[in-house]
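Only one structure is covered here, and it is reproduced in the block below.
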Amino acid sequence: MPSEASPTAVPTAGSRRALWSWAFYDWANSAFFTIILTFVFARYFSQSVVQDDVAGTEAWGNIIGISGLFIAVLAPILGAIADQSGRLKPWLVTFTLLCVFASGMLWFITPSADQFWPAAIWVGLGVLGAEFAFIFYNAMLPELAPPDHVGRWSGWGWGLGYVGGVLSLVVALYAFIEPEGAWLGLDAAQAEPVRATFVLVAIWYLVFSLPIFFLTPDRPPTGIPAGQAVRGGLRQIAESIRHVRQYRHILRFLIARMIYTDGLATVFTFGGVYAAGTFGMEQTQVLQFAIALNITAGLGAVGFAWVDDAIGGRNTVLLSLVGLGASALAILVVESVAGFWTWGMILGIFVGPLQSASRSFLARIAPEHLQTEMFGLFAFSGKATAFAGPLLVGAVTAATGSQRWGMATILAFLLIGFLLMLTVPPADRVKAEAAA
C-alpha cells in the first residue's frame with residue numbers, strides 16, 4: 001500500500017518532485033550498463049586484460065552468464081523478503097552503493113592478464129548490485145504514480161535512462177578516451193584514460209541516485225525482525241507457488257516477457273557483429289549506430305508513454321512487438337548500409353516502449369502485498385533463458401554459413417512472445433483474478 005509521508009519530511013507519493021526523482025534513477029544507472037557492460041569496459045576486458053578477442057569474449061560471456069544465474073535465483077527471494085519487511089529504499093541504497101563501489105574499483109584493473117580475477121569479481125558484483133537495485137526501484141512505481149499515469153512515468157523513466165546512457169558515453173569518449181586524458185595528465189600507456197571512465201560511472205551513478213534516496217517516500221516498515229522477514233519471504237514464495245493458478249495470467253505474461261526479452265537482448269548482443277560482418281561497418285560506424293539506436297529507443301519510450309496510459313500496457317507491448325518484428329525482418333532483407341540505418345532507427349523506436357510497457361503492465365497487475373516479489377520474478381524473467389537467443393543465433397549461423405539466417409531466429413522469439421501476450425487479458429481482469 002502507498003506509504004503516508006510527513007509533509008515536512010519527504011514529498012508524498014504522487015507528487016511530481018517524488019516522481020521525477022524516481023525517474024532520474026533510470027538516468028543514473030544507465031551509465032553502468034552503457035559504459036561498463038556494453039561499450040567500454042567489455043572491450044577493455046577482452047583486449048587489454050585477457051588480451052585475446054576470442055578468449056575475452058568467451059570469458060566475458062561466462063562472467064555475465066554466472067551473474068545472471070545468481071540474479072535469476074535470488075531476485076524473487078529478495079523481493080519476497082522486502083514485501084515482508086516493508087521498506088524498499090534501504091535495499092535500493094545498499095545495492096546501488098555496491099554497484100557504485102564495484103565500478104570505482106575497476107580503476108585498479110590495469111592492462112595485465114593477472115588482473116583477470118579482480119576484474120571478473122568487481123564486474124560480477126557490479127552487475128548484481130545494478131540488477132538487484134532495479135527490482136526495488138521498479139517496485140516503487142505503482143506506489144508513487146497515480147494508476148492512470150503509470151504508463152507515462154514508466155516511459156519517461158526509461159526514456160531518461162536512454163538519454164543518460166548516451167550522454168554518459170559521450171562524456172566518456174570525448175572527455176577521457178579521445179583526448180587520452182591529457183587534461184588530467186593521465187597515462188595512456190597504462191590505459192588510465194579508459195580506466196577513468198569507470199570512475200566516471202561510479203560518480204555518475206551515485207550523484208544522480210541522490211534524488212531518489214532523499215526525495216521519494218518509502219513504504220513504512222512492518223516492524224518484522226530481519227530473521228523473521230527472511231523466513232516469511234520464503235514462506236511467501238512457497239505460498240505463491242501453491243496458488244499459482246490464481247496468478248496464471250501474471251505467470252503467462254512473465255513467460256511471454258522472458259521469450260521476447262531474449263529476442264530483444266539478442267538484437268543488442270549481435271547487432272554490432274551483424275553490422276560489421278554483413279554491411280562491413282567499421283568500429284566507429286558501429287558505435288555511431290549504437291548511439292543513434294539508443295536515442296531513437298529513448299524517444300520511443302517517451303513518445304509511447306501516453307499511448308501506454310491510453311491503450312494499456314498489454315496492447316502497447318503487442319504494438320511494439322509488431323513494430324520490432326516488421327523492422328527486424330526489413331533489416332534482414334535490405335542490402336544497403338542506408339537501408340540498415342533506416343530500419344535500425346525504426347526498430348529502435350519500438351525498443352523503449354516494449355521495455356517500458358512491460359514494466360508498467362506488471363505495476364498495474366501485481367497484487368499489492370506481492371509487488372516486490374513480482375518485480376523479483378520480473379528480473380528473473382529477464383535472465384532465466386538469456387542464453388537461448390545467442391546460442392540459437394550462433395548455431396544457425398554456423399549451420400548455414402549466413403549471418404542473416406542466424407539473426408532471423410530472433411523473429412521466432414518475438415513471434416512466440418507476441419502469441420503468448422495475446423492470451424494475457426487486460427490489466428484490470430488480471431488484477432481482479434489475482435486478488436480473488
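Fair warning: this is a prediction, and the values are worked out from it, not measured in the lab. For reference, positions follow the sequence shown, starting with 1. Computed from heavy atoms alone, side chains included, the values below leave out hydrogens, waters and symmetry copies.
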Taking [X] for its side chain and [Y] for its backbone only, find out whether a donor-acceptor pair lies under 3.5 Å.
| X | Y | answer |
| --- | --- | --- |
| D309 | G151 | yes |
| R364 | V150 | no |
| T261 | M258 | no |
| S103 | A202 | no |
| S356 | P353 | no |
| R17 | L215 | no |
| D83 | E373 | yes |
| T296 | L293 | yes |
| R257 | M421 | no |
| S15 | A18 | yes |

What pair of heavy atoms forms the shortest contact from [X] to [Y], and how long is it?
| X | Y | result |
| --- | --- | --- |
| A28 | S209 | CB-OG, 3.6 Å |
| A357 | G313 | CB-O, 3.8 Å |
| T216 | M140 | OG1-CE, 3.6 Å |
| A59 | F45 | CB-CE2, 3.9 Å |
| T372 | G79 | CB-O, 3.3 Å |
| Q51 | A113 | NE2-N, 3.8 Å |

Look up atom [atom1] in [X] and atom [atom2] in [Y], then write down how far apart they are to the nearest 0.5 Å.
| X | Y | atom1 | atom2 | value |
| --- | --- | --- | --- | --- |
| I35 | L106 | CD1 | CG | 11.5 Å |
| L319 | L354 | CG | CG | 10.5 Å |
| L329 | L415 | CG | CG | 11.5 Å |
| S30 | L169 | OG | CG | 10.5 Å |
| S46 | F41 | OG | CZ | 9.5 Å |
| L411 | I416 | CG | CD1 | 11.0 Å |

> Are more than 12 heavy atoms from other residues, nucleotides or ligands located less than 6.0 Å from atom CZ of F213?
Replying inline: yes
Below 30° counts as parallel, above 60° as perpendicular, anything between as tilted: where do the rings of [X] and [Y] land?
| X | Y | value |
| --- | --- | --- |
| Y137 | W22 | parallel |
| F101 | W122 | perpendicular |
| W158 | F134 | perpendicular |
| W341 | F289 | perpendicular |
| W153 | W20 | perpendicular |

> Just one of I250, V424, T316 clears the side-chain contact (heavy atoms from CB on, under 4.5 Å) bar with F361, so which one?
Replying inline: V424
Test item: [X] and [Y] side chains (from C-beta on) under 4.5 Å apart, heavy atoms:
| X | Y | result |
| --- | --- | --- |
| W107 | E192 | yes |
| L324 | F418 | no |
| W183 | F176 | yes |
| I346 | W343 | yes |
| F304 | I349 | yes |
| L377 | M374 | yes |
| Q355 | L264 | yes |
| S168 | V201 | no |

>> Please evaluate residues I255 and I259 with respect to the criterion side chain to side chain contact (heavy atoms under 4.5 Å, CB included), reporting the C-alpha separation (whole Å), side-chain torsions for both, the decisive distance (0.1 Å), and the verdict.
In response: CA-CA 6 Å; I255 294 172; I259 294 171; 4.2 Å; yes
>> One pair to check against side-chain hydrogen bond (donor to acceptor under 3.5 Å, both in side chains): Y44 and T197. What are the steps and the verdict?
In response: CA-CA 11 Å; Y44 174 75; T197 66; over 6 Å; no
> Under the side-chain hydrogen bond (donor to acceptor under 3.5 Å, both in side chains) criterion, do R359 and S154 qualify, and how do the steps go?
Replying inline: CA-CA 7 Å; R359 173 167 68 185; S154 180; 3.0 Å; yes
> Will you find, in the side chains of S48 and R195, an N or O donor that is under 3.5 Å from an N or O acceptor?
Replying inline: no
>> Between T96 and Y25, is there a side-chain donor-acceptor contact under 3.5 Å, judged purely by atom types and distance?
In response: yes
> Who pairs with R87 by salt bridge (charged side-chain N to carboxylate O under 4.0 Å, His left out), at least two apart in sequence or on another chain?
Replying inline: D218
> Does the side chain to side chain contact (heavy atoms under 4.5 Å, CB included) test come out yes or no for F132 and W91, once each step is laid out?
Replying inline: CA-CA 8 Å; F132 285 149; W91 298 87; over 6 Å; no
> When the aromatic ring centroids of W306 and W156 are compared, is their separation below 6.0 Å?
Replying inline: yes
> Is there a ring pair (Phe, Tyr, Trp, His ring centres under 6.0 Å) between F375 and F136 once you walk through the steps?
Replying inline: CA-CA 8 Å; F375 276 106; F136 305 100; over 10 Å; no
>> Go through it in stages, so that I can follow the logic: the residues are F198 and V40, the test is side chain to side chain contact (heavy atoms under 4.5 Å, CB included), and I'd like the CA-CA distance, side-chain angles, deciding distance and then a yes or no.
In response: CA-CA 9 Å; F198 314 145; V40 182; 3.9 Å; yes
>> Assess the residue pair V127 and F32 against the criterion (side chain to side chain contact (heavy atoms under 4.5 Å, CB included)); give the C-alpha distance rounded to whole Å, side-chain angles, the decisive distance to 0.1 Å, and a yes or no.
In response: CA-CA 9 Å; V127 171; F32 175 80; 4.1 Å; yes
